[in-house]
Amino acid sequence: MKTNPIFHSLSLALISTLALSPDTATSQELPLNMPIIQTKYTADPAPYVHDGVVYLFTTHDEEGAEGFLMKDWLLYTSTDMVNWQDHGAVASLRDFKWYKGNNGAWAEQVIERNGKWYMYCPIHGNGIGVLVADSPYGPYKDPLGKPLVWQREHWDDIDPTVWIDDDGQAYMYWGNPNVYYVKLNEDMISYSGDIVKLPKIKDYQEGPWLWSRRNERGEKKWYLAFASTCCPEGIGYAMSDAPTGPWEYKGHIMNHTISTRGNHPGIVDYKGRSYCFGLNYDIFRLETSRHAEQRSVAAAEMHYNPDGTIQELPYFLKCTLRQLEPFNPFRRVEAETMAWGYGLRTTRENPSGPWNPTPFVTDIDEGEHLLVRGVDFGKGATSITVACAAHLHGGRIEIHIDALDGRLLGTVSIPNTSDQFHEFTTQLKRAKGVHDLYFVFQGNEQQRRNLFNFDWWKME
């Protein structure tokens, strides 16, 4: 995901518009809404809200692939909608022992019930499987040893979505180009009754997303959002007075646009706001104008009309995201928590050390940076400790606020550590209130690429 200097300079110019003034960092509307994940290529967002946290499960486009090459499922979390922590791959095709292929980890959805987390996974051409875990972070295990659904006469069985209604009945919808549903049993790993194929919904292509809510008149409505007819795909939706239909096409949440080509919606309510997640190629477009399946997840705030219909959104870049709460720096913060980190990567693979329990930031080159938005310094931080590991000559971390070239609070030097993580502390010039925080990475005469790995940081 590295770029040539021209595109790298372009990305920095674009992202510099994200800087917010200190007194409005948690509420100002942004002039640019780039994808929320930049360190990997992600697609098919499946957000889920639980105990005050947004759990964002995604698929993963392997870097460098031209077509779809997808082997695992990733997890990100946030409590403010702009800073996202990378938890790495929480499940993969290897968790389905009955599947012998090495590609096909398509659009999943995860839902919690009675303390268990259920991940519904399409494996293209082999039906829909289900994995179960005691935690959203896994480990996920296959309780069936076979697909939950597999209609062998066709390849329609992709893109499952699951919703548990107020009466406790769970439904699973799925399908491309046709849409199907079943009623899941309370165990969430079996179903009752027949698979029902719905009449064609106008503009439906794939990627259904099921949910329900009440409009301002108190009327309960059910919704089915979907990727609208390819290509390019938009995000359409239909509404119903029952979870099983009939479904009435209502139009677009986001219209067809060549900027997306494909799409896949995920809809949640969080902290009094509604959000539509989707995907596009905007990160890949910072590198090249050619097409490849190298997608990125984006999000935008979504609004309902009084009757429950949805106001159409412009394209993601023209939408806005507000930070919902200030970011607390006075705790251990995993370095893979960021609002922006283009050019960086995250991994658990430490070349000379043990497999890390959490991801860390790697592939750090001179001049790259990591942005954490809306950091609340309170009455002022006096020091920062970072955990880093350097294989060769190391480098340094410059700590700026409000802009890439904003006020310099301090610099941390990272020497050779033989790939072992060590803690380094430096004093900070006092900054009060809320600021955007930039970790700017610098090398030296001996080394300008792959400077060091960055595990976590904490201010005091």
Side-chain angles (χ1 to χ4, degrees), residues 1 35-48 55-76 84 86-110 118-131 133 136 138-140 142 147-150 155-162 174-177 205-209 226-227 230-231 233 260-266 277-284 287 290-298 345-349 359:
M1 203 178 290
I36 58 179
I37 309 298
Q38 313 89 34
T39 55
K40 295 186 180 79
Y41 288 116
T42 56
D44 307 314
Y48 187 74
Y55 294 87
L56 176 60
F57 296 86
T58 76
T59 55
H60 177 203
D61 290 334
E62 294 288 334
E63 187 171 345
E66 293 294 322
F68 297 110
L69 181 57
M70 306 159 72
K71 302 180 180 182
D72 51 22
W73 294 279
L74 312 180
L75 172 60
Y76 300 84
W84 293 88
D86 182 350
H87 298 274
V90 294
S92 77
L93 293 173
R94 294 190 299 273
D95 294 312
F96 294 104
K97 306 302 182 186
W98 47 268
Y99 179 66
K100 305 306 179 183
N102 194 35
N103 189 7
W106 285 36
E108 89 296 353
Q109 187 176 341
V110 179
Y118 298 88
M119 179 183 289
Y120 299 86
C121 306
I123 302 173
H124 199 208
N126 289 265
I128 297 171
V130 59
L131 300 172
Y140 285 86
D142 179 5
L148 171 63
V149 167
W150 189 2
W155 282 37
D156 291 0
D157 298 333
I158 66 169
D159 298 352
T161 177
V162 175
W174 73 93
N176 173 354
Q205 179 70 41
E206 60 185 353
W209 186 272
F226 47 83
C230 185
C231 280
E233 294 176 349
T260 61
R261 184 177 173 94
N263 221 315
H264 191 108
F277 291 75
L279 60 89
N280 57 42
Y281 297 81
D282 287 345
I283 297 298
F284 190 55
E287 304 177 28
R290 68 182 177 84
H291 178 75
E293 297 303 339
Q294 304 280 264
R295 300 164 293 174
S296 298
V297 167
R345 290 186 176 89
T346 59
T347 184
R348 283 192 175 97
E349 298 179 19

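Residue indices begin at 1 and follow the sequence shown.
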Looking only at heavy atoms, which two atoms of A91 and M119 are closest? And how far apart? CB-SD, 3.8 Å
Tell me if a side-chain donor or acceptor on D44 pairs with a main-chain N or O of T58 at a distance below 3.5 Å. no
Checking A292 now: which residues fulfil side-chain contact (heavy atoms from CB on, under 4.5 Å) with it, not counting sequence neighbours? E66, F284, R290, Q294
Nearest atoms (heavy-atom pairs only) where P35 meets N280: CG-OD1, 3.4 Å
K40 and its salt bridge (Lys or Arg N to Asp or Glu O under 4.0 Å) partner, picked from D72, D86, D61: D86
For the residue pair F96 and W73, does the interplanar ring angle fall in the parallel (under 30°), tilted (30 to 60°) or perpendicular (over 60°) class? perpendicular
Do you know which two heavy atoms are closest between V110 and E108, and how far apart they sit? CG2-CG, 4.4 Å
Is any side-chain heavy atom of T59 closer than 4.5 Å to a side-chain heavy atom of W106? no
Is there side-chain contact between Y41 and S296, with at least one heavy-atom pair below 4.5 Å? yes
Give a yes or no answer on whether the side chain of E62 reaches the backbone of L69 with a donor-acceptor pair at less than 3.5 Å. no
Any side-chain heavy atom of Y281 sitting closer than 4.5 Å to one from E293? yes
Heavy-atom pair of closest approach, residues E206 and F226: O-CB, 3.4 Å
With a 4.5 Å cut-off on side-chain heavy atoms, are F68 and R295 touching? yes
So among V149, D159, V162, which one has a side chain to side chain contact (heavy atoms under 4.5 Å, CB included) with W174? V149
P45 to L56 - nearest heavy-atom pair and separation: CB-CD1, 3.8 Å
For residues P147 and Y99, determine if any side-chain heavy atom of one lies less than 4.5 Å from a side-chain heavy atom of the other. no
Where G138 and A133 come nearest, the two heavy atoms and their spacing: CA-CB, 3.9 Å
